[in-house]
There are 2 protein chains.
Amino acid sequence: MLPRLTDEFQVDDWAWLLESLTNEQRIIIWPQLEGKETSSILAAMRDDARQQFVSGISSKELSKALADSTAEEAIEVIDVLPQKVATRLIKRMTKETQAHIKANLNYDEDQVGRYANHDVYTIPTGLSVGELRAELKSNDLPDYTDSFLIVDEDNKLLGEITINELFSAEPEEGVMGLSHFPEQIIKAEDGLLDASNQLKNTNKSMLPVVTEHGELLGRFDVNDALIVFQQHYEEQIAHLGKVSDEDLFAPVLLSARRRAVWLGINLATAFLASFVIGVFDTVLAEVVALAVLMPIVASMGGITGSQTLTLTIRGLATGQLGDANISLLQNKELRVASLNGVLWAVLVAVLTGLWFENAMLSGVIAIALVVNMLVAALFGILIPVALDKLNIDPALAGSVILTTVTDVVGFFVFLGSASLVLI
Amino acid sequence: MLPRLTDEFQVDDWAWLLESLTNEQRIIIWPQLEGKETSSILAAMRDDARQQFVSGISSKELSKALADSTAEEAIEVIDVLPQKVATRLIKRMTKETQAHIKANLNYDEDQVGRYANHDVYTIPTGLSVGELRAELKSNDLPDYTDSFLIVDEDNKLLGEITINELFSAEPEEGVMGLSHFPEQIIKAEDGLLDASNQLKNTNKSMLPVVTEHGELLGRFDVNDALIVFQQHYEEQIAHLGKVSDEDLFAPVLLSARRRAVWLGINLATAFLASFVIGVFDTVLAEVVALAVLMPIVASMGGITGSQTLTLTIRGLATGQLGDANISLLQNKELRVASLNGVLWAVLVAVLTGLWFENAMLSGVIAIALVVNMLVAALFGILIPVALDKLNIDPALAGSVILTTVTDVVGFFVFLGSASLVLI
């Protein structure tokens with residue numbers, strides 16, 4: 001029934017296809033995937049799409065789909081499984097796989113240990129190069145293998161030998177003698193993003209993930225790093241759009257509830273701005289032009305602030321911005337804002353003069369623009385720095401707070417100075 | 001002079017450090033990098049930071065710093081070099097490196113061919129497994145090598161043999177006989193982002209990059225893919241913040257000029273909204289509460305639209321959203337917007353009633369909110385889809401157009417229905 005195209009579909013393609021369907025369509029199409037690597041496909045789907053889908057099929061179908069799960073796949077999906085299915089899934093696995101899952105679940109969702117891949121080529125200490133080569137004749141290497149890890153009988157990581165070193169060695173040499181302790185390892189309790197950055201900078205295909213007791217938990221490879229980066233950025237972009245990283249066809253009620261959170265926060269800040277405007281109702285009633293022009297002051301401040309905020313958040317995220325250079329950035333951003341403030345204030349003043357033929361009004365809006373753009377640049381730095389010190393992700397809350405500041409300050413300065421000058 | 005810490009600095013750490021300094025500081029610190037891999041460090045810096053820095057040091061210093069450039073590094077930096085330095089750099093390179101550079105420069109900045117890495121382990125057709133192994137004894141493998149590429153004397157790609165296959169083979173077998181044509185290759189004219197996605201899905205460490213004539217141009221590895229993804233997302237996030245992906249300490253004038261572009265666009269759209277408000281000056285003068293409340297209508301529409309827009313842009317970017325399911329998404333988003341529209345309209349109507357004790361005003365704002373949030377959801381889909389069909393990146397222009405729509409519609413419906421009902 002599906003177009004021929006899907007004959008060549010790989011795991012990722014199926015996951016992609018399922019994500020692009022509504023949940024009803026997913027359930028209709030699912031039986032066509034019989035015989036495919038269903039456990040890998042489920043593990044490869046976006047969290048939210050998987051969650052919707054899993055809740056839509058029967059426990060029996062789900063158990064069948066997950067029958068061939070690896071430890072890694074089970075860990076990826078287990079959170080959204082009904083208790084009964086999860087228990088049955090774990091029970092049917094080998095003792096070894098069960099142990100792997102247990103070891104990984106000691107770590108949180110944002111720690112590398114949780115996702116450490118147990119598909120590692122490890123070798124015991126006593127092996128010679130010749131014996132290893134003989135072994136490799138009939139053993140496939142896992143993807144992204146550029147070195148072999150040497151462990152003792154307690155699975156403690158002792159060293160590594162790269163493929164390069166293996167090629168250069170003589171058959172009678174002992175592997176242990178040729179090995180060296182890895183220059184870099186990843187600690188199981190490290191954050192996913194830190195580990196990804198670390199791996200990226202080593203130019204290696206994978207690094208060993210090691211517990212606090214020095215035991216080899218598994219590996220973390222460049223493909224893992226790639227997925228971590230992608231998820232991290234996609235989440236950030238979703239939050240900037242005031243939405244969670246949700247399924248394209250999430251159920252209407254669920255979607256509405258999630259988005260309501262952002263709308264509610266926005267409404268509270270919008271009312272705050274309204275109260276500020278309300279303070280100046282006398283001047284607004286006398287000079288209607290103020291009501292006409294006030295969105296300009298607020299929005300120019302908003303854009304200026306957002307520009308500085310974006311740069312500051314990136315600087316904080318890369319660690320390039322700290323106590324040592326924050327005042328330098330502040331200095332620069334204030335100069336940039338002054339230049340643009342004056343430039344656009346002059347233009348807006350001229351246009352206002354032509355429109356309303358009121359020089360005082362031109363003066364008032366010019367002053368309000370310059371002040372609001374300077375305040376915006378200042379808070380574009382102060383807000384994320386403060387949030388960062390409080391351990392709150394500035395990318396999440398920064399723009400909401402900043403817009404509130406630029407709205408409130410913009411309306412206050414514009415209408416406030418108008419009520420001093422114009423009546 | 002620099003803290004001891006920097007003794008262990010790698011290329012990426014130096015690039016990171018330089019990026020976090022002002023250009024004056026970079027120039028002061030630069031002599032400390034004597035003897036480090038300066039050409040790699042320059043190539044690893046962000047485009048904009050590198051451009052600032054290069055313009056600040058003398059041609060002589062620059063030539064010295066670039067003396068050991070590989071072909072890949074030269075291609076990365078060449079665009080920002082003074083003509084004289086560029087010519088001298090190329091001239092001093094070996095004929096082979098010069099040919100590599102020339103081959104890559106046949107491709108655009110967003111094509112894989114431009115950045116194809118020539119550090120590939122290639123083997124001639126006649127070699128036996130034993131001879132290859134002997135060769136590998138004294139030759140280092142490039143990073144991210146999981147297969148060897150076989151080329152004929154015209155550098156035409158004939159096949160590959162994986163490291164895995166090499167381990168399993170007998171010494172007397174011919175490499176060519178064991179090889180197979182790579183299941184996946186990257187075409188030199190492919191886009192960088194497409195190539196990165198392709199590589200990610202293969203679970204290989206690298207893929208060969210091949211010209212339209214079937215010649216091996218070089219390779220594209222997972223680290224390249226990682227950098228492509230990172231740059232792509234960082235640029236997108238910068239644009240969402242209405243700023244270009246600029247150097248933290250770009251010169252004030254340059255920075256101000258770049259940001260002025262976004263501010264100018266914003267001002268034009270803000271004036272458009274002001275004109276709409278201006279149409280209703282009579283009702284505004286009579287009912288000041290309208291001026292107090294109108295930002296609420298605009299901003300709730302803005303958030304709703306941005307939520308739908310973000311989801312639509314992601315769907316278009318992943319290719320999961322197309323003609324086949326766009327109306328399904330529209331249907332769903334309109335339902336979500338109706339639910340939230342009614343919910344928040346009721347709340348805002350109640351608050352307005354309590355504040356201004358005017359039931360008609362409550363009714364007007366409730367209607368305006370529902371209409372604006374529905375329009376926002378609709379245009380949150382229509383705008384990016386239209387931009388995408390026009391081959392304009394929806395991530396770049398989408399939010400500006402959408403905000404204009406939600407502002408204009410919000411003010412129009414709110415003030416328009418007020419002038420019908422309230423006077």
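Residue B:Glu165: no heavy atom, backbone or side chain, is found under 4.5 Å from chain A. In this structure, the portions of A:Thr304 lying under 4.5 Å from any heavy atom of chain B include both its backbone and its side chain. In this structure, chain A has no heavy atom under 4.5 Å from any part of B:Thr145. For chain A, the nearby parts of B:Val292 are the backbone and the side chain; heavy atoms of each come within less than 4.5 Å. There is no contact between B:Leu21 and chain A, counting heavy-atom distances below 4.5 Å. For chain B, the nearby part of A:Asn223 is the side chain; its heavy atoms alone come within less than 4.5 Å. Proximity to chain B (any heavy atom under 4.5 Å) is shown, for A:Leu290, by neither the backbone nor the side chain. Looking at B:Ala324, neither its backbone nor its side chain comes within 4.5 Å of chain A, counting heavy atoms on both sides. Looking at B:Ala273, there are no atoms closer than 4.5 Å to chain A (heavy atoms on both sides), in backbone or side chain. Within the 4.5 angstrom heavy-atom criterion, no atom of A:Glu286 approaches chain B. Proximity to chain A (any heavy atom under 4.5 Å) is restricted, for B:Leu339, to the side chain, taken from C-beta onward. Contacts of B:Phe280 with chain A are absent, with no heavy-atom separation under 4.5 Å from either backbone or side chain.
Between the side chain of B:Ser168 and the main chain of A:Ser138, no donor-acceptor pair closer than 3.5 Å is present. Using a distance-only test at 3.5 Å, with no hydrogens or angles considered, no donor-acceptor pair links the side chain of B:Asp146 to the main chain of A:Asp143. Proximity of a side-chain donor or acceptor of B:Gln307 to a complementary backbone N or O of A:Lys242 within less than 3.5 Å is detected. With hydrogens and angles disregarded, a donor-acceptor distance shorter than 3.5 Å links the side chain of B:Lys332 to the backbone of A:Leu248.
Between B:Arg259 and A:Thr308, the closest side-chain pair of non-hydrogen atoms falls below 4.5 Å. Within the 4.5 Å cutoff, side-chain heavy atoms of B:Gln230 are placed close to those of A:Asn197. Contact of the A:Asp407 side chain with the B:Pro295 side chain is not registered, since no non-hydrogen atoms from C-beta on lie closer than 4.5 Å. With contacts defined as side-chain heavy-atom distances shorter than 4.5 Å, the pair B:Gln236/A:Glu234 does not qualify. In this structure, the side chains of B:Leu263 and A:Met373 come closer than 4.5 Å at one or more pairs of heavy atoms. Looking only at side-chain heavy atoms (C-beta outward), B:Leu328 and A:Gln25 come within less than 4.5 Å of each other. Within the 4.5 Å cutoff, no side-chain heavy atoms of B:Trp16 are placed close to those of A:Asn201.
The CG atom of A:Asn203 sits 4.5 Å away from the OH atom of B:Tyr144 when rounded to the nearest 0.5 Å. Atom CG of A:Leu166 and atom CD1 of B:Ile163 lie 10.0 Å apart (nearest 0.5 Å). For the atom pair OG1 (B:Thr22) and CG (A:Asn331), the distance works out to 10.5 Å, reported to the nearest 0.5 Å.
Ranked by heavy-atom pairs shorter than 4.5 Å toward chain A, the options B:Asn139, B:Thr269, B:Leu351 are led by B:Leu351. The residue among B:Ser196, B:Gly322, B:Ser299, B:Ser338 with the most heavy atom pairs within less than 4.5 Å of chain A is B:Ser299.
A salt bridge does not link B:Arg314 to A:Glu246: none of the charged side-chain nitrogens sits closer than 4.0 Å to a carboxylate oxygen.
Of the N and O atoms on the side chains of B:Asn325 and A:Ser20, not one donor lies less than 3.5 Å from an acceptor on the other residue.
Ring geometry, A:Trp355 versus B:Phe271: the interplanar angle falls from 30° to 60°, so the pair is classed tilted.
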